Q: 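Quick one: structure below, then a few questions.
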Amino acid sequence: MRHDTGGRLTRDGIRIHEPSDFDGMHKAGAVAARILDDVAPHVYPGQTTGGLEEIIRGAVEASGAISATIGYKGYQHASCISVNHVVCHGIPGSKIPKWKNDSHGRTDDSLVDGDILNIDVTVIVDGWYGDTSRMYVAGEPKAYAKRLMQVTHDSLMIGIEAVKPGNTFGDIGHAIQSYVESHRMSVVRDFCGHGLGRVFHAPPNVLHYGRAGSGPRLEEGMFFTIEPMVNLGRPETKVLKDEWTAITRDKSLSAQYEHSVGVTADGVEIFTLSPAGRFHPTWEEA
Ligand code: MF3
Ligand code: CO
Ligand code: CO
């Protein structure tokens, strides 16, 4: 059995992986990213989140990968689909909760023109975890929704730019928070990124806010996700009675982008880059 045996742990419990482990993460990340590329044409008004889940589940099976989320803490789906003011962990196929700007009075899981949604997929390939999410739009996005998605995407990439040996996890959080708040939007505090590798969620908690220079130091061989959730309104969230769906308390719009990354000798490798170059935006023709 090879179970988290390679490498060593830092005193913060963060695993330092071997150079050869990057290859496994790269393969898993590419499979997850490819699935997110391929779902894009299926997002349109009238599509349902349950329908998108079926497409994703089929794509995971066709790729030969294993879904990391089916059976994870009782979760039953191959994707999380978080529409509008759903911050994260939206359950595909469930009724979309009514939000502030909802004029449609929808009663099911079907998308309407202007909905924005995050689709989050995690797969296991040869024991390695690939975890990524990005934003999609049904039809035409409102200008404010587009701005939110752009700032959220850019905050992730600015966080990734802070990933190099010698910097700290606080530098990543600080870079993301400063950028987001300079656009008068807010960073969600209640959910964070995480270490991963041969496990789904491992130390450290990767905060998307914080003080420069705080937190553990980044070392070559660390693997983790960065996955900022950004709200147009206040940062507070609440989890619905289904015990998964997290929404903004003030019912403002929320967006999220997520990459799995590894620290290299002089910087970072992004494991979940889109093979088609469609990480963002996903709703305009290439
Ligand atoms: N993929 C999510 C993350 O970024 C975790 C989803 S867990 C689930 O960490 F059970 F809700 F699927
Ligand atoms: Co994650
Ligand atoms: Co994820």
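All of these numbers come straight from a predicted model, not from anything done at the bench. Counting starts at 1 for both ligands and their atoms, in listed order.
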Q: W128 and H17: which non-hydrogen atoms are nearest, and at how many Å?
A: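 Smallest heavy-atom distance, with atoms named: CZ3-CD2, 4.0 Å.
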Q: Under 4.0 Å between a side-chain nitrogen and a carboxylate oxygen: does that hold for E284 and R278?
A: no
Q: What class does the angle between the rings of F191 and H89 fall in, given that below 30° is parallel, 30 to 60° is tilted and above 60° is perpendicular?
A: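 Judged by the thresholds at 30° and 60°, the geometry between F191 and H89 is perpendicular.
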Q: Output yes when the distance from some N or O of ligand 1 to some N or O of Y75 is under 3.5 Å, and no in every other case.
A: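 N/O-N/O distance below 3.5 Å does not exist for this pair.
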Q: For ligand 1, find out whether one of its N or O atoms is nearer than 3.5 Å to an N or O atom of T122.
A: yes
Q: Indicate the ring-plane relationship of F200 and H194, choosing parallel, tilted or perpendicular according to the 30° and 60° boundaries.
A: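 Ring orientation of F200 relative to H194: perpendicular.
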Q: Who are the salt bridge (Lys or Arg N to Asp or Glu O under 4.0 Å) partners of R234, not counting sequence neighbours?
A: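 Partners of R234 by the salt bridge (Lys or Arg N to Asp or Glu O under 4.0 Å) criterion, ordered by chain and then number, come out as E236.
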Q: With a cut-off of 4.0 Å, which atoms of ligand 1 are near a heavy atom of F200?
A: 1 (N), 5 (C)
Q: Relative to ligand 1, is C88 under 4.0 angstrom through side chain, backbone, both or neither, heavy atoms considered?
A: neither
Q: Has K238 got more than 12 heavy atoms of other residues, nucleotides or ligands less than 6.0 Å from its NZ?
A: no
Q: With atoms numbered from 1 as shown, which atoms in ligand 1 lie under 4.0 angstrom from a non-hydrogen atom of H194?
A: 3 (C), 4 (O), 9 (O)
Q: Connecting only ILVMFWY residues whose side-chain heavy atoms lie within less than 4.5 Å of each other, what is the rest of Y44's hydrophobic cluster?
A: none
Q: Before you tell me yes or no, could you show the steps for H174 and Y209 under ring pair (Phe, Tyr, Trp, His ring centres under 6.0 Å), namely the whole-Å CA-CA distance, both residues' side-chain angles and the distance that decides it to 0.1 Å?
A: CA-CA 5 Å; H174 179 73; Y209 59 93; over 10 Å; no
Q: Tell me whether T69 has any N or O atom under 3.5 angstrom from an N or O of ligand 1.
A: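 Such a contact does not occur with ligand 1.
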Q: For atom 9 (O) of ligand 1, what's the nearest protein heavy-atom neighbour? Residue, atom name and distance, please.
A: H201 NE2, 2.8 Å
Q: Listing residue and atom name, which protein N/O/S atoms are closer to the Co ion (ligand 2) than 2.8 Å?
A: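 Atoms qualifying: D131 OD2, H194 NE2, E227 OE2, E258 OE2.
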Q: Closer than 4.0 Å to some heavy atom of E258 - which atoms of ligand 1 meet that?
A: 4 (O)
Q: Classify the ring geometry of Y75 against H77: parallel below 30°, tilted from 30° to 60°, perpendicular beyond 60°.
A: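 Aromatic pair Y75/H77 classed perpendicular.
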Q: Considering only non-hydrogen protein atoms, determine which one is nearest to atom 4 (O) of ligand 1 and report residue, atom name and distance to 0.1 Å.
A: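 Atom 4 (O) of ligand 1 sits closest to the protein heavy atom E227 OE1, 2.8 Å.
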Q: Using the six-membered ring wherever Trp is involved, compare the ring planes of F223 and F271 and label them parallel, tilted or perpendicular (cut-offs 30° and 60°).
A: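 F223 and F271: perpendicular rings.
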Q: Looking only at protein heavy atoms, which one is nearest to atom 2 (C) of ligand 1, and what is the separation?
A: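 Looking only at protein heavy atoms, the one closest to atom 2 (C) of ligand 1 is D120 OD2, 3.4 Å.
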Q: Enumerate, atom names and distances included, each donor-acceptor pair closer than 3.5 Å involving a side-chain atom of residues 135-146, sequence neighbours excluded.
A:
from : atom 1 : to   : atom 2 : distance (Å)
Y136 : OH     : L36  : O      : 2.7
Y144 : OH     : N101 : ND2    : 2.9

Q: Before signing off on this row, confirm whether D131 and ligand 1 have an N or O atom pair separated by under 3.5 Å.
A: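 Min N/O separation from ligand 1 is below 3.5 Å for D131.
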